[in-house]
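Input: a single structure, listed below in structure tokens.
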Amino acid sequence: CTYGVLRYEGVRVEVFLFPSEVHLQEFLEVIGDDPWYVSCGNAVLHFPECDPMIIDNILSALTSSPR
């Protein structure tokens, strides 16, 4: 797993990147149903409790960007 932190509109976001789906699924099992962890592709984003609109903006940008 690769770990990084970024700031967007004053919100601290932790990013966990996984080399495979297996590693991602194992991590998701450990964190359980915490709504502040969001899976997107091979990454898990951890948001502190913040405005859900900011989370939506970040996820929209990730899913609409060309790959």
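Below, all heavy atoms of this structure are taken into account, side chains as well, without hydrogens, waters or symmetry copies. Numbering starts at 1 and runs along the sequence shown.
Residues passing the ring-ring contact (aromatic ring centres under 6.0 Å, His included) test with F27 are F16, F18, sequence neighbours excluded. For Q25, the side chain to side chain donor-acceptor pair (under 3.5 Å) partners are E21, not counting sequence neighbours. Contacts of S20 classified as side chain to side chain donor-acceptor pair (under 3.5 Å), with partners at least two apart in sequence or in another chain: H23.
For the pair C1 and P19, the tightest heavy-atom approach, listed with the atom from each and the gap, is N-CD, 4.4 Å. Here the closest non-hydrogen pair linking G41 and L24 is O-CD2, 3.4 Å.
Separating the CZ atom in F47 from the CD atom in E14 is a distance of 10.5 Å, to the nearest 0.5 Å. To the nearest 0.5 Å, the span separating CG on L28 from CG on D34 amounts to 11.0 Å. A distance of 8.5 Å separates CG in L45 from CG in L17, rounded to the nearest 0.5 Å.
Contact check for V15 versus V5: no side-chain heavy atoms found under the 4.5 Å cut-off.
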| task | Go through the steps for V44 and V38 under the test side chain to side chain contact (heavy atoms under 4.5 Å, CB included), then give the verdict. | result | CA-CA 5 Å; V44 173; V38 179; over 6 Å; no
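Under a hydrophobic clustering in which Ile, Leu, Val, Met, Phe, Trp and Tyr are joined whenever their side-chain heavy atoms come within less than 4.5 Å, directly or via other members, W36 and L59 fall into the same cluster.
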